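Here's the structure we're looking at; comments come further down.
Source: prediction; values computed, not measured.
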Amino acid sequence: MRLGTLDWVPAGERRDLLADPVARVVATMTDEVAVAPIDPALADTAAFCERYGVGLGESANCVIVAAKRGGETRYAAVMVLATTRADVNGVIRRHLDARKASFAPQRDAVEMSGMEFGGITPLGLPDDWPVLVDAEVARQPYVVIGSGIRGSKLALAGEALTRLKTADVVALAQ
């Protein structure tokens, strides 16, 4: 696999580059997922893509959304390409049947996911969280996503994200 200037290896061979909840899921995906170490200071999308030569259209961001209705807050992961914005107050809010939807507070996202901010990924999130995958992400032959830590990235087929237990493919981008 060739994505940018990174040296990709099967993720199962480098558990040290994965957050614990991510490692548990990757173990079930055998050779579908690759991992590469990166400088943690460059984990944010724009800096990462510039330094490692990965196109924004090959990078997918995982955004954690808090959806509220009737005093209840539910969380969901949203996967969109780095070239697009997630329509949180429109498509996502309606899809989650919420009165209000917003980006989850950083502290909540980190605590509830068991992952580092800037590395949160849909692999290994709580079982009751929906994973909304933008249709453009699902069509990509490979996308680069977080690994649960800031010191590495994962690469996998966009279609693989659609097979996660709680995944739903939706046209999410604006």
Side-chain angles (χ1 to χ4, degrees), residues 1-4 6 8-12 17-19 21-36 38 43-46 48-49 52-67 74-98 101-104 109 112-113 115 118-149 152-174:
M1 169 186 328
R2 211 58 234 162
L3 281 169
L6 295 161
W8 298 98
V9 298
L17 294 176
L18 308 172
V22 178
R24 287 190 287 276
V25 173
V26 164
T28 68
M29 297 178 81
T30 59
D31 296 331
E32 287 188 87
V33 183
V35 66
I38 65 165
D44 294 334
T45 305
F48 164 77
C49 288
Y52 295 104
V54 173
L56 290 172
E58 298 171 309
S59 182
N61 291 324
C62 182
V63 178
I64 304 302
V65 173
R74 293 173 288 121
Y75 293 88
V78 176
M79 294 299 301
V80 292
L81 292 177
T83 56
T84 59
R85 289 183 27 198
D87 184 7
V88 174
N89 291 309
V91 174
I92 294 167
R93 180 185 58 78
R94 285 189 300 276
H95 189 81
L96 295 172
D97 192 30
S102 59
F103 297 110
M112 296 173 80
S113 71
M115 301 178 205
I120 295 176
T121 187
L123 307 179
L125 289 174
D127 289 341
D128 60 340
W129 286 18
V131 176
L132 306 181
V133 180
D134 183 61
E136 287 300 314
V137 172
R139 283 193 272 276
Q140 298 304 308
Y142 289 102
V143 289
V144 176
I145 63 174
S147 65
I149 65 169
S152 64
K153 293 287 186 178
L154 299 176
L156 71 167
E159 182 273 330
L161 295 171
T162 70
R163 289 185 273 116
L164 295 173
K165 184 170 38 173
T166 60
D168 197 3
V169 178
V170 183
L172 296 173
Q174 300 186 323

Quiz item: Nearest heavy-atom pair of Gly118 and Asp44: which atoms, and what distance?
Solution: CA-OD1, 4.5 Å
Exercise. Could you tell me the separation between the CD1 atom of Ile64 and the OH atom of Tyr75, rounded to the nearest 0.5 Å?
Key: 10.0 Å
Quiz prompt | Heavy-atom pair of closest approach, residues Lys153 and Phe48 | solution = CG-CE1, 3.6 Å
Practice problem: Check whether any side-chain N or O of Arg2 sits under 3.5 Å from a backbone N or O of Gly4 as a donor-acceptor pair, and report yes or no. | Solution: yes
Quiz item: If you measure from CG on Leu161 to CD on Glu32, what distance do you get to the nearest 0.5 Å?
Solution: 10.0 Å
Self-check item: Atom pair CG/OG of Leu123 and Ser147 - distance to nearest 0.5 Å
Solution: 10.0 Å
Under 3.5 Å, which donor-acceptor pairs link side chains of residues 52-59 to any protein atom two or more places apart or in another chain?
{"from": "Tyr52", "atom 1": "OH", "to": "Asp39", "atom 2": "N", "distance (Å)": "2.9"}
{"from": "Glu58", "atom 1": "OE1", "to": "Gly55", "atom 2": "N", "distance (Å)": "2.8"}

Quiz item: What pair of heavy atoms forms the shortest contact from Asp97 to Arg74, and how long is it?
Solution: O-NH2, 3.5 Å
Quiz item: Is the closest side-chain donor-acceptor distance between Thr45 and Asn61 under 3.5 Å?
Solution: yes
Quiz item: Run the side chain to side chain contact (heavy atoms under 4.5 Å, CB included) check on Cys62 and Met79 step by step: do they pass?
Solution: CA-CA 5 Å; Cys62 182; Met79 294 299 301; 3.4 Å; yes
Quiz prompt | Stepwise side chain to side chain contact (heavy atoms under 4.5 Å, CB included) check, Leu132 with Val80 | solution = CA-CA 9 Å; Leu132 306 181; Val80 292; over 6 Å; no
Quiz item: Within a strict 4.5 Å, meaning less than it, do heavy atoms of the Leu96 and Pro130 side chains meet?
Solution: yes
Exercise. Search all heavy atoms of Leu6 against all heavy atoms of Ala36 and return the closest pair with its distance.
Key: CB-CB, 3.8 Å
Quiz prompt | Donor-acceptor pair, side chain of Lys165 and main chain of Asp128, under 3.5 angstrom | solution = no
Practice problem: Look up atom CG in Asp168 and atom NE2 in His95, then write down how far apart they are to the nearest 0.5 Å. | Solution: 3.5 Å
Exercise. Go through Leu18 and Leu154 one step at a time and tell me if the side chain to side chain contact (heavy atoms under 4.5 Å, CB included) criterion holds.
Key: CA-CA 9 Å; Leu18 308 172; Leu154 299 176; 3.6 Å; yes
Quiz item: Checking Thr166 side chain against Trp129 main chain: does a donor-acceptor pair fall under 3.5 Å?
Solution: yes
Quiz item: Rounded to the nearest 0.5 Å, what separation is found between the CG atom of Asp87 and the CZ atom of Arg94?
Solution: 6.5 Å
Exercise. Kindly give the heavy-atom pair with the smallest separation between Ala19 and Met115, and that separation in Å.
Key: CB-CG, 4.3 Å
Quiz item: Taking Thr162 for the side chain and Ala138 for the main chain, is one N or O donor matched with an acceptor at less than 3.5 Å?
Solution: no
Exercise. Write down the atom of Val133, the atom of Ala167, and the distance for their closest heavy-atom approach.
Key: CG2-CB, 4.4 Å
Quiz item: In Å and rounded to the nearest 0.5 Å, what is the CG to CD1 distance from Leu156 to Ile145?
Solution: 4.5 Å
